[in-house]
Structures are given as structure tokens and as C-alpha cells.
Amino acid sequence: MSAEILIKFARKGIILSPEAYELIKNSDNPINLSSDIIVKLKSGNYSNDMVPVDLETLERMGLNVNIKKDSVDKGQSAAEEAVESKPPQTETKLETGHTEEKPLMDNKEEPYLGLKEEKAKEPDLGLKEEKAKPAVEAKAFEKRTVETQAVETKSIQKDTPVETKAMEKDTPEETESIETPAIPQPETTNYSREDVVIIKDTDVSEDTKMKYKRNLTESTVNFDKFKVLKDTSNQSYTSGDIGNLIEYFQNRYKKLSGILSQRPELRTFQKINEITDNQTDLNLIVMITDIRSTKNGHYLIEVEDDTGSLPILVSKDNDELVAYAKNLMKDEVIGVIAEKRPGSENSLAIVKNLIDPGVPRIDRKEVDFGTVFTSDVHIGSSTFLEDAFVRFVKWLNGDFGNEEQMEMANNVKYMIVGGDIVDGIGVYPNQDKELAIKDITAQYDEAARLLGDIRSDVKIIITPGNHDASRVAEPQPAVPEKYAKSLYKLNNVEFLSNPSTVSLDGLKVLIYHGRGIDDMVMGSNDFSHERNDLVMKEFLNKRHLAPLYGERTPLASELEDHLVIDTVPDVLHTGHVHINTYTNYKGIHCINSGTFQTQTEFQKIYNIVPTPAIVPIIDVGGIYKPLDFNK
């Protein structure tokens with residue numbers, strides 16, 4: 001119970017004082033009381049921005065701590081009644097079966113996609129709406145199986161065997177059975193421990209050293225097949241007014257409806273204003289504007305296209321659709337197959353099927369070179385693992401590891417740094433106490449020193465993250481030369497936007513730092529930072545990297561929505577959450593590259609346990625392998 005309470009508050013980013021924790025733990029119903037407190041905090045009337053919730057705050061909330069169990073079972077809590085008494089200008093956010101009221105964001109407006117906004121009449125099916133009770137079950141941080149592609153690895157050394165957990169495979173491959181020493185891995189990592197290739201210094205012959213060690217002379221490698229497919233660095237045209245916001249959502253709808261209209265069941269989709277009074281069968285492509293649950297367990301969803309709006313209902317009796325509806329987000333675009341009772345153009349439609357844009361299954365791309373994926377290096381932080389990073393650089397240069405591992409390094413042609421190469425300045429409260437370098441330019445200078453040691457025949461692609469000296473709103477333009485002049489002097493470095501797409505000799509890689517993971521995790525109990533591989537699959541299904549506008553992920557209202565996944569990639573590479581995961585979804589490598597930083601004080605608050613110094617590689621043949629550079 002104690003862990004469940006702490007997890008419940010940690011998932012919402014709320015800190016409890018020891019006294020408040022004891023009071024909650026010793027109450028008659030700690031879980032319900034925790035939910036009530038969270039609802040109160042989310043109402044916006046109490047500060048929870050890095051300030052611990054203490055006894056004084058709980059007293060001001062006016063909650064009855066000694067709640068009798070029978071009274072809790074009978075009706076709504078005091079917090080829910082307080083939420084319902086709020087003025088109507090609020091935003092209802094669905095979170096897997098319960099709703100919370102939040103003040104509208106200043107920059108969050110919900111204009112129609114071209115028409116005057118008009119409130120759809122509430123359907124009367126005897127489904128009187130009320131706020132669902134907060135979920136009682138907290139999401140446990142536990143190890144679960146996942147559909148993954150089997151990882152083919154090489155046997156590095158034989159020592160003490162370790163126990164591993166069998167994993168479900170989405171795309172079966174032959175996996176070489178090996179034994180390796182036990183290494184510290186969090187239980188949430190979705191590959192088994194013997195899959196990790198441990199890179200250690202090994203005595204090799206002088207001939208081997210001379211064969212693989214590279215100097216830093218100018219590269220003669222041909223990068224003619226490297227192509228930038230998408231870079232938004234110089235494509236920001238927004239003025240920030242309401243007209244831009246409308247164009248932004250219109251563009252999103254246009255792009256995603258174009259993808260959905262290729263689905264067989266939606267090729268003859270219709271617009272909302274084309275629905276006739278007596279029509280019963282509906283095939284629509286719509287954007288979600290609101291989601292809420294009813295007291296009977298149904299989901300009532302408001303949708304719109306560029307011609308009008310319509311309420312649709314997911315019945316609680318359809319388990320498959322209910323499970324689907326729980327992970328829907330406002331502002332995403334979906335296909336709807338529904339039935340409507342004749343008699344009114346905009347009467348309630350009952351959902352028969354909901355359709356994601358989705359991705360087709362693709363063949364694995366065969367390659368004759370290697371690509372290493374890194375992110376969240378956080379140079380400049382006192383928790384940056386410089387020794388491990390230097391070992392990684394030495395391995396790349398053919399000066400570390402055994403002969404087999406040197407051969408793997410010799411094949412590396414590309415290195416991707418997916419954001420947060422430096423720790424930045426003032427990113428989170430009290431960050432300065434954990435900085436070894438307290439000047440942003442000096443941090444980039446140090447990054448140039450470390451990356452400058454990498455052999456020049458490896459092309460390094462660098463994109464920004466939320467710690468970099470780029471604008472915070474996505475899409476982020478490339479790190480500006482103003483702050484990173486020393487890095488710009490390296491002739492093998494390419495600076496691109498976040499997100500961006502590149503072709504590495506025909507291997508299409510979508511690089512995204514990953515702040516959209518936060519919104520997905522906060523919006524559904526099916527997702528967690530630890531299992532961010534599942535979030536990446538959801539990105540691909542929704543064909544969008546950050547569907548929810550105006551929440552944790554800051555989005556710029558550009559004239560084009562650059563976070564739509566226009567082209568299906570061979571690799572989706574993310575970072576941000578500092579936890580290395582991997583899955584192969586429909587032939588697409590979904591990689592989160594982890595970090596080169598140990599746990600910070602800020603991460604402890606949110607119960608984030610990083611997986612440092614694990615570097616993924618797509619090796620020759622298109623095979624994924626995680627490489628461990630810890631001691």
C-alpha cells in the first residue's frame with residue numbers, strides 16, 4: 001500500500017511531505033483520499049510546482065480524512081463534487097476511466113477547422129453524465145512482456161549465467177544463446193540481459209590494434225548516399241495568432257485524413273455536413289475535440305471535421321472499443337464507422353469501429369554498415385558519465401574491446417545524437433547545484449572536445465532536445481551556431497531539427513527527442529516512461545509524435561504540423577526519458593537510446609530510474625544490438 005500511494009503521487013509529479021504521507025497512509029481509505037487530493041491539486045487552486053504537499057495544504061482543502069468506507073462506496077467524494085461545481089469554462093481530460101477538471105491553457109483554443117464553433121446538443125439516451133470516480137488502482141512499475149524482435153548478439157565472454165525472462169517476439173529471428181556476467185539493468189528493460197553486448201577492454205595483438213585503430217585525419221568515406229529528408233530548422237513562419245492556430249489544425253487534419261483515406265473502409269468517407277436526416281451508416285474521418293465518460297461506463301466523444309461537429313458514443317458493452325477509447329487523445333485524427341438513428345443530421349452516432357492511421361508492415365532493410373544511436377548525453381552535468389562516454393569513443397575508434405567488437409566498431413558509419421547533448425542552464429529547479437559546467441557555450445565546447453575525438457569517417461547527426469540552446473516549442477530548429485561554434489567546426493557533424501528525418505544510405509531514420517512521451521504517459525494508464533517502447537508503437541499507430549496540443553509538450557502553431565509522421569520510417573529513434581528500450585513493430589525498429597547520465601535529484605522525485613551507458617546499434621545486416629559501456 002505504501003508503494004502504491006507514493007507511485008500514485010509520483011506519476012502526477014506531486015511531492016508529499018513526510019507528515020502528509022503518514023496522514024494519508026493512516027486514513028481509512030488511503031487510495032481514495034490520494035485520488036481526492038490529486039483532483040484538488042489539478043483544479044489549479046493549489047500550487048504543486050515542486051512544492052511539497054504538507055499538512056497545512058491538506059487542511060486548506062477541507063477534506064474529511066477519516067472517510068468511512070461505506071460513505072466512499074455510496075457516492076462521489078467531496079473533491080469530485082467540488083470539481084463538478086466549477087464554472088463551465090474548463091477542459092475535461094480523460095484518463096483511463098476517470099476525468100479531471102483543469103483550467104484551460106492560455107494558448108489552448110479549440111477553433112473549428114474553418115467554421116464558426118457551435119456546441120452540439122447533448123444526446124438524451126438516459127446516460128446522464130457525471131464525473132467518473134478516480135481510478136482506485138495505481139499503475140505499478142512492473143516488468144511485463146512485450147512484442148519485440150529477437151535480438152541477435154555475439155558471445156562476448158562466458159562467466160556466471162544469469163536468469164532471464166522469456167519475451168514475446170513480434171518478428172521472430174534466431175537469437176544466439178550466450179552467457180554474460182550479471183549487469184545492473186532495471187526490471188523494465190524490454191530485452192533480456194544476455195542480449196546486451198558488454199564492451200570491455202581486452203588484450204589484443206598489436207596487429208589487431210593497428211588494423212582497427214583510426215587516427216583523426218580527414219575522412220575519405222563517401223557520404224553521397226546520406227540525405228536529409230526533413231529538416232524544419234528554417235521553416236518557421238508562425239506569428240502566433242489565432243489564424244495560425246486554425247491553419248495548424250487544418251493542416252494536421254488534411255495530412256492525416258489523406259493517410260486514413262487510403263484505408264479500404266474509409267475510401268468513400270463523407271463529411272459531417274453531408275449526413276442526411278435519414279442516413280444511418282456513417283464513414284467519417286474526424287478530429288477529436290472532447291472525450292468524457294458517463295456514469296454507466298460509456299465513452300462520449302465530440303468529433304469534428306472542416307464542415308461541422310458530431311457526438312459519437314462508444315458503448316461499454318464493446319470491450320475492444322472501450323479499450324481503444326481509453327487511449328484516445330484530444331486533437332488526434334481517426335476514422336469512425338458508426339450508425340445513426342434517422343431523424344436528425346447531428347444526432348448521436350453509435351460507434352461500430354474506430355480506425356487509426358497506422359503503418360503498414362515493412363521488410364527489414366539490409367545494410368552493410370553500422371549506425372549507433374545516442375541521446376541525453378548531458379555534458380556539463382555533474383552526473384554525466386564521462387568515463388563511460390570516453391570508453392564508447394575509444395571503441396568507435398577501434399581502441400577498445402575484443403577483436404570481434406572492434407570489427408563491429410569498424411563498420412560504424414553514422415552516429416545519431418537525438419537531443420540533450422548538453423545539460424543546459426536553468427532547465428529545472430536547482431539544476432545549478434548539479435552542474436559541473438555552468439555556462440552553456442562552455443558546455444558545447446566540452447561536447448566538441450569529446451566528439452572531436454571520434455574518427456572523422458563517422459558522420460555525426462545532432463538534433464536538439466529540451467535541454468539544448470534551441471527554442472523549447474516543437475518543432476525545434478537545429479542548435480544555433482551562436483552557442484555551439486566549436487561543434488560547428490567539426491567537419492563530420494550535421495545539425496538538424498527536432499524532429500527530423502534522414503536517409504542513411506537508404507535506411508530512413510525518424511529522429512525525435514521524445515517529449516511527446518510525457519503526454520502519452522500522463523494520459524493513459526496503459527503507458528509508462530519505463531515502457532516507452534509501447535509509446536513509440538502508439539506514435540506510429542496515431543502517425544503523430546505529439547497529438548495533444550497545449551499540455552506538457554509545448555507545440556508551436558506553425559502553418560504546417562511537422563510532427564505528423566508523413567513517411568513510414570525504417571527506424572524511429574527517441575530519447576528524453578533516459579530509459580533504453582527496443583521493440584520491432586511491423587518491421588520498424590523502435591529505439592530509445594537511454595542516456596549517459598546517472599539519476600539526478602529531479603529524476604528521483606518522479607521515480608525515474610535511468611539505464612545509463614547503453615548504446616544501441618543497428619549493425620551490418622540491419623540487426624539491433626544494445627552495447628553496454630558501464631564498467
Side-chain angles (χ1 to χ4, degrees), residues 148-159 162 164 173 175-176 178-186 189-202 204 212 214 367 369-377 385-418 450-451 453-455 458 460 504 509 533 571 573-575 578-584 589-598 610-631:
T148 69
Q149 181 184 32
V151 182
E152 182 176 324
T153 60
K154 302 288 186 178
S155 177
I156 305 303
Q157 60 180 16
K158 296 185 178 180
D159 196 351
V162 296
T164 60
E173 290 184 12
T175 303
E176 188 172 340
I178 62 175
E179 297 177 345
T180 61
I183 61 172
Q185 290 289 335
T189 303
N190 71 320
Y191 49 80
S192 56
R193 291 176 177 176
E194 64 261 277
D195 291 333
V196 179
V197 179
I198 302 176
I199 309 293
K200 288 190 175 182
D201 200 11
T202 307
V204 295
Y212 293 112
R214 307 289 185 89
V367 292
F369 58 90
T371 303
V372 289
F373 298 85
T374 66
S375 65
D376 301 274
V377 184
L385 295 172
E386 182 174 353
D387 290 345
F389 192 78
V390 168
R391 285 193 290 274
F392 163 63
V393 172
K394 288 179 66 179
W395 169 77
L396 270 180
N397 291 337
D399 197 24
F400 195 80
N402 60 34
E403 184 171 358
E404 189 176 19
Q405 294 162 1
M406 288 181 178
E407 177 66 30
M408 189 191 304
N410 183 60
N411 293 325
V412 172
K413 188 175 180 181
Y414 296 100
M415 172 181 170
I416 293 176
V417 185
L450 292 167
L451 267 63
D453 286 340
I454 295 174
R455 54 189 171 89
V458 173
I460 304 171
L504 309 180
V509 180
D533 56 301
V571 180
H573 173 222
T574 63
H578 293 208
I579 298 172
N580 171 226
T581 61
Y582 170 79
T583 191
N584 187 289
H589 298 283
C590 299
I591 301 170
N592 191 298
S593 50
T595 183
F596 269 97
Q597 183 183 39
T598 58
T611 59
I614 304 292
V615 178
I617 181 174
I618 300 292
D619 200 7
V620 173
I623 308 299
Y624 172 87
K625 299 172 185 176
L627 311 178
D628 182 17
F629 290 93
N630 289 288
K631 289 185 178 179

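Computed from heavy atoms alone, side chains included, the values below leave out hydrogens, waters and symmetry copies.
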S.K.: Answer with yes or no whether the side chains of Asn630 and Asp628 bring together a donor and an acceptor at under 3.5 Å.
M.R.: yes
S.K.: Within the side chain of Arg391, is there an N or O that forms a donor-acceptor pair under 3.5 Å with the backbone of Phe400?
M.R.: no
S.K.: Mind checking what makes side-chain hydrogen bond (donor to acceptor under 3.5 Å, both in side chains) contact with Ser375, not counting sequence neighbours?
M.R.: Ser593
S.K.: Please walk me through it: do Thr581 and Ile579 pass side-chain contact (heavy atoms from CB on, under 4.5 Å)?
M.R.: CA-CA 6 Å; Thr581 61; Ile579 298 172; 4.2 Å; yes
S.K.: Can you measure from CG (Asn580) to OG1 (Thr374) and round to the nearest 0.5 angstrom?
M.R.: 12.0 Å
S.K.: Is a side-chain donor-acceptor pair under 3.5 Å present for Asn592 with Thr574?
M.R.: yes
S.K.: Report yes if some heavy atom in the side chain of Ile460 is under 4.5 Å from a heavy atom in the side chain of Ile454; otherwise report no.
M.R.: yes
S.K.: First locate atom CG of Asp619, then atom NZ of Lys625, and finally report the distance between them rounded to the nearest 0.5 Å.
M.R.: 4.0 Å
S.K.: Can you find a heavy atom in the side chain of His578 that is under 4.5 Å from one in the side chain of Thr611?
M.R.: no
S.K.: So, using salt bridge (Lys or Arg N to Asp or Glu O under 4.0 Å) as the criterion, who are the partners of Lys394 when residues are at least two apart?
M.R.: none
S.K.: Any non-hydrogen side-chain atom of Val509 less than 4.5 Å from a side-chain atom of Ile416?
M.R.: yes
S.K.: Which class fits the ring pair Phe392 and Phe596: parallel under 30°, tilted 30 to 60°, perpendicular over 60°?
M.R.: tilted
S.K.: Restricting to ring-ring contact (aromatic ring centres under 6.0 Å, His included), what partner residues turn up for Phe373, sequence neighbours left out?
M.R.: His573
S.K.: Just how far is it from atom CE of Met408 to atom CD of Glu403, taken to the nearest 0.5 Å?
M.R.: 12.5 Å
S.K.: What pair of heavy atoms forms the shortest contact from Ile614 to Pro626, and how long is it?
M.R.: CG2-CB, 4.0 Å
S.K.: Between Asn397 and Arg455 (side chain of the first, backbone of the second, donor and acceptor by atom type, cut-off under 3.5 Å), is there such a pair?
M.R.: yes
S.K.: Is there side-chain contact between Gln597 and Asp376, with at least one heavy-atom pair below 4.5 Å?
M.R.: no
S.K.: Is any side-chain heavy atom of Phe369 closer than 4.5 Å to one of Leu504?
M.R.: yes
S.K.: Within the 4.5 Å heavy-atom criterion, are Ile618 and Ile591 side-chain neighbours or not?
M.R.: yes
S.K.: Counting N and O atoms only, with roles assigned by atom type, does the side chain of Trp395 sit under 3.5 Å from a partner on the main chain of Met406, one being a donor and the other an acceptor?
M.R.: no
S.K.: Can you confirm whether Val412 sits close enough to Thr371 that some side-chain heavy atom of one is under 4.5 Å from a side-chain heavy atom of the other?
M.R.: no
S.K.: Taking it one step at a time, do Lys413 and Val458 satisfy side-chain contact (heavy atoms from CB on, under 4.5 Å)?
M.R.: CA-CA 5 Å; Lys413 188 175 180 181; Val458 173; over 6 Å; no
S.K.: List in chain and number order the residues that pass side-chain contact (heavy atoms from CB on, under 4.5 Å) with Leu450, two or more places apart in sequence or in another chain; answer none if no residue qualifies.
M.R.: Ile379, Phe384, Glu386, Phe389, Val390, Glu446
S.K.: Would you mind reporting whether Cys590 and Asp533 have side-chain heavy atoms less than 4.5 Å apart?
M.R.: no
